[in-house]
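Notes for the one structure printed next.
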Amino acid sequence: MRNIVLIGFMGTGKSTVGKRLAQSLAWDFVDTDYEIGEVTSLSVSEIFRRHGETRFRSEESIVVARLSQQERLVIATGGGTVLNPLNWDALAQNGTVIALHASLEAILARIGNKNDRPLLKGPREAIEKLWSERQECYSQADFIVDTSQKSVDEVVKEILIQLERMTKNEFSEVAKD
Ligand code: S3P
């Protein structure tokens with residue numbers, strides 16, 4: 001059984017939705033930022049501050065390579081994880097990739113004043129630029145769920161419906177052969 005991989009910008013709900021989704025499926029939940037913290041004994045902010053983003057990205061790729069070898073995981077990635085094509089390939093090879101989308105307004109309302117995301121420290125224009133630049137990458141997912149106006153339960157339900165549809169389609173493709 002393949003993994004389920006949640007991608008998307010910061011504040012789209014990857015970790016919250018991922019935990020609930022994993023509960024519904026009785027699968028394990030993992031969060032790449034949390035795993036990086038366990039390996040380095042540093043928070044994401046501390047790694048950025050002390051060692052820089054390059055070091056963070058290298059720890060992130062190591063975590064991704066390890067998790068991609070496992071099965072039946074719901075994996076919440078960091079917002080920048082899949083921008084590295086090697087990370088994308090590793091995760092997609094052994095998982096269904098689901099993008100959580102949210103409007104910039106919804107994102108800023110959720111996390112705008114929290115202090116734990118180094119890349120959200122700049123002015124709104126810089127965050128908006130990052131958000132816009134990344135949409136193309138996120139849109140390559142197997143499917144996209146807009147979380148802007150939805151509760152966690154609604155998002156999980158939508159994911160479960162889409163996953164069931166995908167499974168049915170796979171079976172009907174096999175039946176056609
Ligand atoms: C990042 C997103 C963060 C974290 C790091 C970098 C990004 O994760 O990995 O601050 O590049 O978008 P969340 O998306 O879970 O906030």
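Order of appearance sets the numbers: ligands from 1, and atoms from 1 within every ligand. Heavy-atom basis, side chains included; hydrogens, waters and symmetry copies ignored. What you are looking at is a predicted structure, and each value in this text was computed from that prediction instead of being measured.
- The shortest contact between atom 12 (O) of ligand 1 and any protein heavy atom is with R134 NH1, 2.6 Å.
- Checked by distance only, ligand 1 and G79 come closer than 3.5 Å through their nitrogen or oxygen atoms.
- Under the 30°/60° scheme for interplanar angles, the aromatic rings of Y138 and F9 are found to stand perpendicular.
- Distance from atom 16 (O) of ligand 1 to its nearest protein heavy atom, with residue and atom name: R117 NE, 2.6 Å.
- When each of L67, T96, V64, L91 is checked for a side chain to side chain contact (heavy atoms under 4.5 Å, CB included) with V5, only L91 meets the rule.
- Of the charged side-chain nitrogens involved, none lies within less than 4.0 Å of a carboxylate oxygen, so that E60 and R55 do not count as a salt-bridged pair.
- Residue L83 comes nearest to C137 through the heavy atom pair CD2-SG, 3.7 Å, listed as atom of the first residue, atom of the second, then distance.
- Contacts with ligand 1 closer than 4.0 Å are made by side-chain heavy atoms of L119 only, the backbone lying farther away.
- Here R72 does not pair with D28 in a salt bridge; the nearest charged N to carboxylate O distance is not below 4.0 Å.
- For ligand 1, one of its N or O atoms has an N or O atom of G80 under 3.5 Å away.
- The contact set between ligand 1 and P118, taken as ligand atoms under 4.0 Å from a residue heavy atom, comprises 10 (O).
- Heavy-atom contacts of D33 reach the following atoms of ligand 1: 3 (C), 4 (C), 8 (O), 9 (O), 13 (P), 15 (O) (cutoff under 4.0 Å).
- Using a 4.0 Å cut-off between charged side-chain N and carboxylate O, R2 and E71 make no salt bridge.
- Using a 4.0 Å cut-off to heavy atoms of G78, the atoms of ligand 1 that qualify are 8 (O), 9 (O), 14 (O).
- Atoms of ligand 1 found under 4.0 Å from any heavy atom of V44 (numbered from 1 in listed order, with element): 5 (C), 10 (O).
- Selection from K14, E53, R57 by nearest heavy atom to atom 14 (O) of ligand 1 gives K14.
- E46 and H51 are not linked by any side-chain donor-acceptor pair at a separation below 3.5 angstrom, with hydrogens and angles left out of the test.
- A salt bridge between R57 and E53 is present, with a side-chain N of the basic residue lying under 4.0 Å from a carboxylate O of the acidic one.
- Ligand 1 has no N or O atom lying under 3.5 Å from any N or O atom of E60, backbone or side chain.
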